[in-house]
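Before any comments, here is the structure.
Chain letters run A, B, ... following the sequence lines, proteins first and then strands; every chain starts at 1.
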Amino acid sequence: MGAMSEGALAKQDPVLAVDDLQKSFGGLAATDHATFGVERGTITGLIGPNGAGKSTLFNLISGFYEPDGGTVEVNGTDVTGMEPYEVAEHGLIRTFQTPRKLEGMTVREAMLVGPREQPGESFHRLFTSPGTVAESESANLAEAERILAEFEIDHLATQPATDISGGQMKLVELARAMLAEPEVLLLDEPVAGVNPTLAKKLKSQIRRLNEQGTTFLLIEHDMEFVMDLADPIVVLDQGHVLTEGTPEGVRNDDRVIDAYLGGGA
Amino acid sequence: LSTTDDDGDGSDGSDGSDGSDGDDGGDGMDGDDGSDGGDSTEAFQIGMVDSQTGSLSAFGERNQRGVDLALSRVNEVGIDGRELDIVVEDSESENQGGIAAAQKLVNQDGVPFLIGAVGSGVSLAIYESVVEGTDVVQLSQNSTGLNLTEFPGLLRMSPSGRSQSLALSNIIADDGYDEVAVTYVNNDYGQSLTDAFVDAYDGEVVYNTPHDQDQQSYSGVISEMNGSGADAWLFVTYQAEFATMVNEVFSSGYDAQFYGADSVSGDNVLENTPEGSIDGMNIVVPSAPVEEENYQSFASDFEAEYDRQPTSWAAYAYDCVINAALAIQAADEFAGAALQDTVRRVSGPEGETVTSFAAASEILADGGGPDDVDYQGVSGPIDFNEDGDPVGFLQVLEVQDHEYEGIDFVEG
Amino acid sequence: MSHDTTRPAGATDGADPVLSLSGVDSGYGEVQVLDDCSVRLDPGEIVCLVGPNGAGKSTVLKTAFGMLTPWTGTVSYHGRDIGGMAPEEIVREGIGYVPQTDNVFGSLTIDENLRMGGVARDSGLEAVIETLYDRFPIIEEKRSAKAKTLSGGQRQVLAFARALVMEPDVLLIDEPSAGLAPNTADDVFEDVEEVNDMETAILMVEQNVTKGLGISDRGYVLDQGTVRFEGTPEELLNDEEVSQLYLGG
Amino acid sequence: MSALTDPRGAVEELTRPEGWVLGVSVAFLLFLFVALLTGALGPTYFLFLVGLAGMYALLSFGLNSQWGFAGLINFSVAAFFGVGAYGAALFTASGSPLAELFEGVPLIPSLLGLPVVGLVVGLAVAFVLAILIGIPTLRLRADYLAIASLGLAEVVRLIVLNERWLTNGSAGVRGIPGFFAGWPVLGTFPEAMPGLRLEVIPGSPVLLETAFWRASLNVLLVLAFAGGVYFVLRRAHRSPWGRVLRTIRSDEDLARALGKDTYSFKMQSFVLGSLVMALAGVFYTHLNLYVGPGDLDPITTFYAWVAVILGGSGSNRGALFGGIVIVTIREGTRFLNDVALPIDPAPLRLLLIGVVIIAVMRYRPQGVLPPQRELIWPSAVDGGGAPESPDSGVRERKGGGGDE
Amino acid sequence: MTVIGYLANGLVFSSIIVLGSIGLSLVYSIADFANFAHGDTMTIGAYTALVTFGVVGGLGGAVLGLPYGFFLALVVGIAAAAVVAVVTERVIYEPLDVDSIGLLITSIGIAFVYRALIQIRFGSDFTRFDIQPLRPIESLVPYGVRVTLHDVAIVASAAVLVVGLHVLLQYTDLGRKMRAMADNPDLARVSGIRTRRVKLWTWVIGAGLAGAGGVFLGLFNQLSPRMGFNLLLVIFAAVILGGIGSVYGAMAGGFLIGMINQLTPFFSDVVEALPIWPGWLASLLESLVSIEYANAIAFVIMVAVLLVRPNGIAGEGAT
Ligand SMILES: Nc1ncnc2c1ncn2[C@@H]1O[C@H](COP(=O)(O)OP(=O)(O)OP(=O)(O)O)[C@@H](O)[C@H]1O
Ligand SMILES: Nc1ncnc2c1ncn2[C@@H]1O[C@H](COP(=O)(O)OP(=O)(O)OP(=O)(O)O)[C@@H](O)[C@H]1O
Ligand SMILES: [Mg+2]
Ligand SMILES: [Mg+2]
């Protein structure tokens, strides 16, 4: 564990630092003294076998689970034990592996939940400053339309958000999180079930956002996708960090091949 | 009186009878209905708010029997050749329902005479929100709550519970108990009767707790009563609740001298409690002297019709209808103001004592005025006092061999 | 890539298909999704449906399995029309289905999930379940855990196993590899082939086109509810247009 | 109705259920109008019914802003209604125990008897109660919230029933003035108005007298209440605030992940709804001039729910419609009861109410008025360069495969 | 009365609540709505048994102070409740296209209809089975336990039914199918579960137990058209307390709520006996922990339990 924490501390400017995080369910240690950091401005990949504890880690970081031990720092603030919305206030947003459905809303409305700190979310400002509300709503709406178009789902804008295909749901989930414009975005398998042609485009989207300053931590099993996009890559196995390195390094690491990649890649 | 009008049609029903109605505001309506009286053979329509559903629906049912019997007595003879018709609306045993029912009767059907309601709270709610300020006559069939006395405009057929409370406190004291445990149903009726009892009783009330209606078990209450150490237990509640309690007392093997207010008595209690379980209990009920001939005939008619003994509630409702019919016949027009005037007088102490509608109606038809008849009800002499309360007689019943036996009379 | 098809095209054109949709229009409520869609599955074949998100791939499977009733056209199984038959009866006919989402009973244990997969079996349930555990050790160790505690990938495996309990004649699988680690995905594809070897014809939807088509005998490209291309995996993978538009090539 | 509340919505923009409801409403209004003119329907009684409908509409507005907006299953409607009613009643009634309680306290006794003070107090008490009930229950999952709130409502009812020193116990509170008592002009308006006699159909005159004018004032009051509430809710519903609530309703975790403080939002929605329910209670007090513990019975809760569900959860217009339906169910069945049937009349109305509820659930076109339209801040859609809002509802999309 | 005495009373009352709450919980999870007609289903069972008992009478011998005829009536009552529920499901719920709150509202309508029909047929007054009530069992009285043989019969019959249900759920696939259906109805069909049949069985079991509960309630207390409805709130509390959808949770919840309801006098004794300080708090507590507030106390305890276990006794942790 010591060696690992050094790895984390070695980061120049970690926007997210996970230190010795633990979580177990019953007898199972889903997160087992995990320690790593995410450098500002990177796209960090998080890979590992099914059940390695990746999603659990996301849940711990974003405040959905209470860790049994260890700390999480976002932007230098200790957010361990905070409510998800508080973590989000510190600039960290996550998506879910299984897309969430929003009943009774159109896709466009479901997108508009994304932006943070909308003036119209304060009840009294609806009446005291309707102008500001309208302004930000227009801006958000335009932004939503733009992202939907980029994701090739603008034709769904006024469809009920529940009546879309599985892959489309993943896209909406991703698009919405992007609308929140967080500093750190945690993506849980953003392209699972997404058509490869579209996945390619998403890749460039993510890269572009990254160039504009968003830091990404992404879980993905699509090796082509992560290896192209992410650097460094953290490999998780049985709840702890197996290794961390460049795509090249990881790809050739025997332990990784063994536990994860298999002969196929 | 801004109007005259006619309209007629009254009819029963669905479309609200005599149009106009409206206004209850008072006088207007009466005018119109008056003419009604003049020209047609339409039935006179009055209204009744009853507990057809809800927690007091059992009372509603008993009332309905009395009303039906009374209507047939009235309509055998007729009122100036016309029939009497009663529109019954359901209060659901609640204020909201009661007020809505009364609103419909008064402002839609335009009835000048309103019988209602069962629960004391509901009667008052109707009075305050619909009747007060108009000249509609309101006559409650079953409310015995004490505070109705404060509203002289609101008449009632059942005597105030105060006299019962007084009588009970005397009886219990006379029986030599200086400690008593009381439980009462948690509503206006139970509370006001119990308050009056506690005021009047000289001994110590060692247990005094309300209970909610419609509970599935009162074993908590009775075990607390047992624990209080009092040997005299007083119940101010309704039949269903009382029957439950008796059964629980029986199957718990407790033993005490029971006393009860009027509403705990009835065939239903006898039928649904074990033989002997309440023997020796004393109950004070308002009553016409049972040996009187009019009650006898009422009771036998009732038994012939429904195959059961009448309750005092059926008797009150019966008297409400007869009293209303007589008031209508005696009034020169079918209007609230006129009925206000006659409703007390036809049963008031002046005049010839009669015990049936037919007899009273005959006097009126022969040109007699309202003061020429003194209708003696099957529930008592009626004789409303200035507060709108009847002068009831009270009868003390004792349960002997699982039957009610009258053992004493008390003047109200 | 390691699974380049070596098998001869599974069926001759003359053979009767086990399952076929012909000229099917179908959709949700009043929303039409499939438009004159025809798909055929011959005995012993693996057929892969690919296409953009929202093309209607899952809808094809749902229509074939009776979750949706075809508006027009027919769905036939061994030559019999089964369009509109209820899913619980279709299962008994010998078709199995693995949905894309919501495909496990979260509040039941793994063991119970498998048992539920076999409610329509008369006998041999225990034995099948044991073989399935042998085949998928990843779920065996969690036998008595609630399915909702499984990771995404574990869940996918369970869903697949659940459908196999019936030992169906035809298996419809919606994106078997979504969310699976590369090695697990390989395992699943191997299992698909293995199941196929046991005379089960398989119709599957897959976004991992290289691997999916890699084990298939034929493929369809679906777009906007109609079949745009049909052919052997090689034909599809090598077609410039198909590859560009649909396969991320 | 929808044309009144949504002036922009031209008739052709209506969806099928909307058109249906509009048609029935217009027919119903016509029917009422004719009935009034011919004297078949008493005008005073009619106004009473309008007042009741307004009261139920308020209740369903309140419930709608909890259940329809945020998915909070609140089964304590009656408690908030009752608290509003009692708050107003205790502060204004002549026979209120408060007069004794506050004897000697500065200021307060002089405020007793003022309906406006009663209004404020009713709302304030409801506010406090909402927070008290909300703190423990809003952390619970929907179904659990339902029963916890039902239980707490029962606790409130028992307190009102048993704490006589404060509430008069089972005797209830009487001697309540009308809401406008003591106001200039309006205070004496009913008595000052002359009796009018309209004779549209010869022989069936319509009389308008004091009680009629008093009832008109009540209607005025409830229209003011409901109108104000409708304005506030409509704006809130289409705002980002409302959108967060709807997100919570559908998937609270998602809202949390996106950085929304869901507990606070739920509390806001709960308090807002509770205040509206209390407002209904305040109106009720001045409509019926008497309140008792029976007014806190859970049946009021059920009717509010029926109204909201019939109207379509989440739809403010629907809630309004639901209020009217409830009055029709509750009071309209009185008329059906007049039709002589060979059955014991007593439970017949209960039967009818049951059958009507079942029938409406069975044959209603999609929740009568569900919130079909997209809810985006209106001027944002118009001015933001975004495409026009769709002209078919979310649940009503028709047509073929392509969605363009 | 002693603590044991209160506990014994609680046990009897709990038995009835448990029967009601199991059925409600089953329907809650399978048909996916809170069935407000459940209480009135109990009433149906009770009145059918009443009629049957009136016809068959005593039938010779007796056990536990109850004639054989009563047990026949019990069976008929159970059957009638089940049949009515199944018919209602087929005729009303099944064709309905509404969400679970919509079903809830519908069930309120159905409750009104059931109750109205009973009231039309039997009137609104209360009545009892024509069975002679018993005195408490002598040998137990010295321990402060005052129960009759009838009470014993109620507890024993309820126990038999509950154990029978347990066996049914545990040793047949039905229970598992029910849970699968409650979890994911679409997937259940995909797996080959004939969901319609499972649903009907759920109604049969749920309503049957409710019918039994109604009959016992009638025996325990009395019959009136409102009897079941009046108990509904308490039954709901039990179901929620136990954890929605869990049969065993419903048993536990029903047991607890029944106990709490009957133990109020004991609680108030305890509060009086405790040295609470300061004095105003003591008197406040004394006035609140009293029999008027018996139901309130049950609800407050329920809310308190929910705060500690937000998904009920048998429910799992969050997420
Ligand atoms: N709520 C829970 N209760 C019990 N066990 C859990 C829970 N959540 C996760 N687990 C277990 O923890 C382990 C890690 O799960 P997790 O979802 O984090 O895996 P993952 O790395 O995201 O896998 P995948 O790539 O398949 O999504 C798994 O074995 C899973 O079964
Ligand atoms: N329940 C539904 N109700 C209405 N429309 C739906 C529903 N589910 C899917 N759709 C629509 O039907 C179309 C086809 O959906 P389908 O799920 O078949 O796509 P798919 O090809 O499986 O896509 P993916 O690869 O994303 O899973 C999509 O445009 C989608 O919006
Ligand atoms: Mg995962
Ligand atoms: Mg799909």
Side-chain angles (χ1 to χ4, degrees), chain C residues 28-29 58 61-62 64-68 85-122 125 145-149 155 158-168 171-174, chain E residues 25-26 28-32 90 94-99 168-202 239 242-250 309-319:
Chain C
Y28 304 87
S58 303
L61 299 194
K62 287 186 205 165
F65 198 67
M67 313 281 288
L68 295 171
M85 195 191 262
E88 57 266 36
E89 303 308 323
I90 290 185
V91 172
R92 290 172 167 76
E93 297 289 321
I95 305 182
Y97 170 56
V98 186
Q100 181 176 3
T101 51
D102 291 337
N103 48 18
V104 297
F105 296 110
S107 60
L108 269 56
T109 64
I110 312 308
D111 211 57
E112 288 173 325
N113 264 276
L114 294 179
R115 273 169 202 287
M116 284 303 105
V119 285
R121 273 193 86 100
D122 301 325
L125 184 60
K146 295 261 162 92
K148 70 174 159 223
T149 67
R155 219 180 263 219
L158 174 62
F160 184 52
R162 199 212 81 250
L164 291 181
V165 178
M166 283 303 292
E167 299 181 292
L171 189 57
L172 313 174
I173 320 177
D174 205 343
Chain E
S25 178
L26 274 178
Y28 209 141
S29 54
I30 307 302
D32 193 31
R90 277 289 161 90
E94 215 170 65
L96 226 51
D97 174 28
V98 295
D99 59 2
L168 187 72
L169 293 184
Q170 217 57 47
Y171 298 101
T172 69
D173 248 0
L174 185 63
R176 211 175 287 135
K177 283 184 192 163
M178 283 177 172
R179 281 186 291 134
M181 245 193 90
D183 185 298
N184 186 341
D186 279 338
L187 188 61
R189 299 182 69 198
V190 167
S191 303
I193 297 173
R194 293 189 161 116
T195 50
R196 194 157 172 244
R197 211 178 284 177
V198 175
K199 208 178 219 181
L200 284 186
W201 273 110
T202 309
V239 169
I244 294 168
S246 157
V247 170
Y248 300 100
R309 291 195 63 91
N311 289 331
I313 298 173
E316 285 141 36
T319 330

(message) Can you give me the closest heavy-atom contact between E:Leu187 and C:Asp102, atom names plus distance?
(response) CD2-O, 4.0 Å
(message) If you compare all heavy atoms of E:Asn184 against all heavy atoms of C:Phe105, which two are closest, and at what distance to 0.1 Å?
(response) O-CE2, 3.5 Å
(message) At a heavy-atom distance under 4.5 Å, which candidate from C:Met166, C:Glu112, C:Arg115 has the highest pair count against chain E?
(response) C:Glu112
(request) Run the numbers on C:Glu88 and E:Arg197 for side chain to side chain contact (heavy atoms under 4.5 Å, CB included), then give the verdict. (result) CA-CA 11 Å; C:Glu88 57 266 36; E:Arg197 211 178 284 177; over 6 Å; no
(request) Would you mind checking which part of C:Phe65 comes under 4.5 Å of any heavy atom in chain E, side chain (CB onward), backbone (N, CA, C, O), both or neither? (result) side chain
(message) Is a donor from one side chain sitting under 3.5 angstrom from an acceptor on the other, for E:Arg179 and C:Ser107?
(response) no
(request) Select one option (side chain, backbone, both, neither) describing which atoms of C:Ala86 are under 4.5 Å from chain E's heavy atoms. (result) both
(request) Please flag which part of E:Ala182 lies under 4.5 Å from any non-hydrogen atom of chain C: side chain, backbone, both or neither. (result) neither
(request) Check whether any side-chain heavy atom of E:Arg194 lies under 4.5 Å from a side-chain heavy atom of C:Arg92, and answer yes or no. (result) yes
(message) Can you give me the closest heavy-atom contact between C:Val119 and E:Lys177, atom names plus distance?
(response) CG1-CE, 3.6 Å
(request) State the CG-CG distance between C:Leu125 and E:Asp173, to the nearest 0.5 angstrom. (result) 8.0 Å
(request) Evaluate the side-chain proximity of E:Val190 to C:Met67: yes if any heavy-atom separation is below 4.5 Å, no if none is. (result) yes
(request) Sort C:Arg121 into side chain, backbone, both or neither according to what part of it lies under 4.5 angstrom from a heavy atom of chain E. (result) neither
(request) Identify which of C:Ile90, C:Ile95, C:Asn103 forms the greatest number of heavy-atom pairs closer than 4.5 Å to chain E. (result) C:Asn103
(request) Calculate, to the nearest 0.5 Å, the distance between atoms CZ and CG belonging to E:Arg176 and C:Asn113 respectively. (result) 11.0 Å
(message) With heavy-atom distances below 4.5 Å as the criterion, would you say the side chains of E:Ser191 and C:Val91 are in contact?
(response) no
